[in-house]
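Every value quoted in this text rests on a predicted model; they were computed, and no experiment measured them.
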Amino acid sequence: MRIRRAGDAALLVETADPHRLDAAVRAAGLPGVVDVVPGERTVLITTTGDPDRLAERVAALAPPPRTAADAPPVEIRVVYDGADLAEVADLTGLSAAEVVARHAAAEYTVAYLGFSPGFGYLTGLPDELRVPRRPTPRTSVPAGAVAIAGPYAAVYPSSSPGGWRLLGRTDAPLWDIDRDPPSLLTPGARVRFVQADERETQ
């Protein structure tokens with residue numbers, strides 16, 4: 001674990017297990033901590049107190065038991081009829097059915113949230129499905145679009161511009177302000193995509 005200052009009021013911690021460190025910091029109730037943001041390999045901790053004193057306390061924290069990682073995976077039912085499915089098949093040298101099978105067979109982990117509320121960057125995409133973003137982004141991708149780009153998989157929580165390759169769609173509510181927490185996906189959670197037919201997502 002490597003701890004660095006991030007400006008006057010924050011620490012950036014490089015760690016191999018950011019989700020466990022995130023849980024440890026939150027559970028410890030360290031004085032002055034006002035925000036904790038896990039990334040794929042880092043945790044940003046903002047404080048109103050002395051960052052150097054906080055760094056000492058963070059370095060002394062014991063990692064908690066794995067909780068989110070041990071919980072059952074979030075299952076997201078997907079109709080694989082995305083606009084880019086055939087193109088992904090061409091890019092990977094696989095058939096469309098093989099792309100679907102490999103995407104649905106993998107287990108993913110929410111590395112972090114970003115881009116828009118509830119948008120989870122999921123690691124665990126099989127190497128053979130890693131394709132670049134579209135050369136020209138779409139001006140509007142519908143909510144529920146299941147997509148891949150580079151090493152990540154994701155689901156668009158709301159309609160927005162986007163350049164990821166679309167494999168399918170789901171009606172799972174990724175973001176609901178009346179839910180606690182609003183985001184269906186949280187950092188560290190495991191995710192499985194389950195192939196469904198049209199009737200199962202209506």
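- One distance of note links CD of Glu107 with OG1 of Thr123; it measures 10.0 Å at 0.5 Å rounding.
- A salt bridge links Arg5 and Asp52; the closest N-O separation between the charged side-chain nitrogens and carboxylate oxygens is under 4.0 Å.
- Taking every heavy atom of both residues into account, Gly118 and Leu174 meet most closely at O-CD1, 4.2 Å.
- Between the CZ atom in Arg20 and the CG atom in Asp17 there is a gap of 5.5 Å [rounded to 0.5 Å].
- Side-chain atoms of Arg133 never come within 3.5 Å of backbone atoms of Ile148 as a donor-acceptor pair (strictly under, hydrogens ignored).
- Using a 4.5 Å cut-off between side-chain heavy atoms of Ile, Leu, Val, Met, Phe, Trp and Tyr, with links allowed through other members, Tyr80 and Leu91 fall into the same hydrophobic cluster.
- Ring-centre distance between Trp164 and Phe119: below the 6.0 Å cut-off.
- At a threshold of 4.5 Å between non-hydrogen side-chain atoms, the residues Thr170 and Val155 count as touching.
- Tested against Val36, the residues Val25, Leu44, Val13 include a single side-chain contact (heavy atoms from CB on, under 4.5 Å) partner, Val25.
- One hydrophobic cluster, built from ILVMFWY side chains closer than 4.5 Å, holds both Leu113 and Val191.
- Across all their heavy atoms, Gly39 and Pro18 have their closest contact at O-CG, 3.4 Å.
- Rounding to the nearest 0.5 Å gives a distance of 8.0 Å between OH of Tyr152 and OH of Tyr121.
- Val33 and Ile3 fall within a single hydrophobic cluster, where Ile, Leu, Val, Met, Phe, Trp and Tyr are joined by side-chain heavy atoms under 4.5 Å apart, directly or via other members.
- The residues Arg26 and Asp35 are annotated as not salt-bridged, no charged nitrogen and carboxylate oxygen being separated by less than 4.0 angstrom.
- Considering all non-hydrogen atoms of both residues, Phe115 and Ser160 come closest at CE2-OG, 3.7 Å.
- Heavy atoms only, all atoms of each residue included: Ser158 and Ala143 are closest at CA-CB, 3.6 Å.
- Contact check on Glu14 versus Arg41 returns no salt bridge, with no Lys/Arg side-chain nitrogen under 4.0 Å from an Asp/Glu carboxylate oxygen.
- Residues Trp175 and Leu184 have side chains not in contact (no heavy-atom distance under 4.5 Å, counting atoms from C-beta outward).
- Side chains of Leu122 and Thr109 form no contact here, defined as non-hydrogen atoms less than 4.5 Å apart.
- The minimum heavy-atom distance linking Val110 with His19 is given by the pair O-NE2, 3.2 Å.
- Residue Val43 is not grouped with residue Leu185 when hydrophobic side chains (ILVMFWY) are merged at heavy-atom distances under 4.5 angstrom, including chains of intermediate members.
- For the pair Asp84 and Arg134, the minimum side-chain heavy-atom distance is below 4.5 Å.
- Arg130 CZ: more than 12 foreign heavy atoms inside a 6.0 Å radius.
- Counting only heavy atoms from C-beta outward, the side chains of Ser116 and Pro157 approach each other to under 4.5 Å.
- Close placement of the Tyr108 and Phe193 rings is indicated, their centers lying within 6.0 Å of each other.
- Between the OG1 atom in Thr47 and the CZ atom in Arg57 there is a gap of 9.0 Å [rounded to 0.5 Å].
- Between Pro51 and Ala9, the shortest heavy-atom contact is CG-CA, 4.3 Å.
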*Go through the steps to decide whether Glu128 and Arg102 satisfy the test salt bridge (Lys or Arg N to Asp or Glu O under 4.0 Å), and finish with yes or no.*
CA-CA 9 Å; Glu128 61 271 26; Arg102 297 185 190 205; 3.2 Å; yes

*Kindly indicate, with the supporting measurements, whether the criterion side chain to side chain donor-acceptor pair (under 3.5 Å) is fulfilled by Ser140 and Ser159.*
CA-CA 6 Å; Ser140 180; Ser159 177; 3.1 Å; yes

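- How far CG of Leu85 is from CG of Leu166: 10.0 Å, rounded to the nearest 0.5 Å.
- Taking the side chain as every heavy atom from C-beta outward, Pro126 and His103 never approach each other to under 4.5 Å.
- Counting heavy atoms from C-beta on, the side chains of Arg169 and Val78 never come closer than 4.5 Å.
- Glu75 has no carboxylate O lying under 4.0 Å from a charged side-chain N of Arg192, or vice versa, which leaves the two without a salt bridge.
- Residues Val79 and Asp197 form no side-chain contact, since every pair of their non-hydrogen atoms from C-beta on lies 4.5 Å or further apart.
- Between Leu11 atom CG and Thr42 atom OG1 the span is 12.0 Å, to the nearest 0.5 Å.
- Hydrophobic clustering (ILVMFWY, side-chain heavy atoms < 4.5 Å, transitive): Ile45 and Leu61 are in one cluster.
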